[in-house]
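Report on the structure given below.
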Protein chains: 2
Amino acid sequence: MAPQVADPAAPHGLLNAKQQHLLDQLQEASEELTGQDLHARLRGTPHGMGLATVYRHLRHLQQRGLVRCRHLPSGEALFAPTERDEHHLTCVDCGSTVVLRSCPMHETHLNPQQLGGYQLLFHTLEFFGLCPGCQERQGSA
Amino acid sequence: MAPQVADPAAPHGLLNAKQQHLLDQLQEASEELTGQDLHARLRGTPHGMGLATVYRHLRHLQQRGLVRCRHLPSGEALFAPTERDEHHLTCVDCGSTVVLRSCPMHETHLNPQQLGGYQLLFHTLEFFGLCPGCQERQGSA
DNA sequence: TCCACGAATGAGTATCGTTCTCATAGGCAT
DNA sequence: ATGCCTATGAGAACGATACTCATTCGTGGA
């Protein structure tokens, strides 16, 4: 698998080795991962780390704007690298999800007054609706 | 406890009296409320209801597209009526929030292919960044 | 009017993802 | 080596939400 020696110079200057491994995992994964997922994936590898550390670093990555998270109705948080500008359309009934390959916001900008001095890091955009199956099921009920 | 007499004609045909009261509370409130907030606000009034019922109905309202929720980093869910098209800019560090009075998405539409047959109910849009205070604090640290 | 049955309700409990605690390990400069 | 600081992780604590299930309400039929 991956080299086991800590990167002497991580791509993101501010990240330590474990944070970098978490980010790598997220970037390699084709989909969003939960904290538990990440913990499980790294377990057994040379980069394994405790759950507390996983969550600690996910928070740091988020505060640096490298990782975004969204919450499922179940309460789980799904993490993804912000460089992947994908968003989701979720069924409020069954929870099924469609990935929107392109961000409808594109480069829609907030004006300075709206920003109020904030330094913008990333955004989350989620659409909710009824999937075809649930529409049908509700219609017949 | 007082028996709940169903409103003969609730504004939303599909809602029972308790669901309507929850929706009323959300619409009257100037800000988003948590499930616990709603439970506390209704306690003591003729419309009081158990926490389980609050969450049950909030889920129903969400499934009908009348209510939207977003999650704070703390894990709490904040509910607001979807008719109020307000979104937020939140500091990833201190959690302070700015309300965006106008939705930057306006009427940006998803094309039918993106929708994949889903019936769109509402969306959530959140921006994350660093507030002026945290920028300064991090800069000096 | 009375009865029966399904839906709604809520008090308490269970669940489970996330955060916290705190003792220990690892670096690093002295 | 010695002390100091940060990072780490095991386990417990926490807290919001979902579930259980006995009870109540509402409604329609007899």
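Hydrogens, waters and symmetry mates are skipped; everything else that's a heavy atom, side chains included, is used. In what follows, every chain begins at residue 1, and chains take the letters A, B, ... in the order their sequences are listed.
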Taken to the nearest whole Å, CG/Leu15(B) to P/dA8(C) is 12 Å
Each nucleotide of nucleotides 13-18 of chain D classed B (base within 4.0 Å of a protein heavy atom), S (only sugar-phosphate) or -, in 5' to 3' order, makes ---SBS
key: Check: His57(B) ring centre within less than 6.0 Å of His21(B) ring centre   = no
From CG of Asn16(B) across to C1' of dA7(C) the rounded distance in Å is 10 Å
Discussion item. Membership question, hydrophobic clusters at under 4.5 Å side-chain separation (ILVMFWY): are Leu15(A) and Leu42(A) in the same one?
Written reply: yes
To the nearest angstrom, the CE-P distance between Met49(B) and dA7(C) comes to 20 Å
Taken in chain and number order and not counting sequence neighbours, the residues that satisfy ring-ring contact (aromatic ring centres under 6.0 Å, His included) with Tyr55(A) are none
Q. With under 30° as parallel and over 60° as perpendicular, where do the rings of Phe128(B) and Phe122(A) fit, or are they tilted in between?
A. parallel
**Item:** Residue-phosphate contact under 4.0 Å: Lys18(A) side-chain N/O, dG9(D) OP1/OP2
**Value:** yes
To the nearest angstrom, the CG-P distance between Leu58(A) and dG9(D) comes to 13 Å
Q) Between Thr53(A) and dT8(D), does any side-chain N or O lie under 4.0 Å from OP1 or OP2? A) no
Residues passing the side-chain contact (heavy atoms from CB on, under 4.5 Å) test with Ala40(A), sequence neighbours excluded, are Arg43(A)
Here the distance between atom P of dC16(C) and atom CG of Asp37(A), to the nearest Å, is 15 Å
Separation of dG10(C) atom P from His21(B) atom NE2, nearest Å, is 13 Å
Here the distance between atom C1' of dG9(D) and atom CZ of Arg43(A), to the nearest Å, is 13 Å
Margin query: Regarding His39(A), tell me which of base, sugar-phosphate or nothing describes its non-hydrogen contacts under 4.0 Å with the strands shown.
Written below: nothing
query: Are Leu22(A) and Leu61(A) close enough that some pair of their side-chain heavy atoms sits under 4.5 Å apart?
result: yes
Is the phosphate of dT9(C) approached by His57(B) (side-chain N or O, under 4.0 Å from OP1 or OP2)? yes
If each end axis of the helix from dT1(C)-dA30(D) to dT30(C)-dA1(D) is fitted on five C1' pair positions, the angle between them, to 10 degrees, is 10°
So the salt bridge (Lys or Arg N to Asp or Glu O under 4.0 Å) pairs with at least one residue in residues 55-77 of chain A (sequence neighbours excluded) are Glu32(A)-Arg70(A), Arg70(A)-Glu126(A)
Salt bridge (charged side-chain N to carboxylate O under 4.0 Å, His left out) filter on Asp93(B), not counting sequence neighbours, yields Arg137(B)
Rounded to whole Å, the CD-C1' distance (Gln20(B) to dA8(C)) equals 17 Å
Gln20(B)/Asp24(B) under side-chain hydrogen bond (donor to acceptor under 3.5 Å, both in side chains): CA gap, chis, key distance, verdict
CA-CA 6 Å; Gln20(B) 187 61 50; Asp24(B) 289 345; 3.1 Å; yes
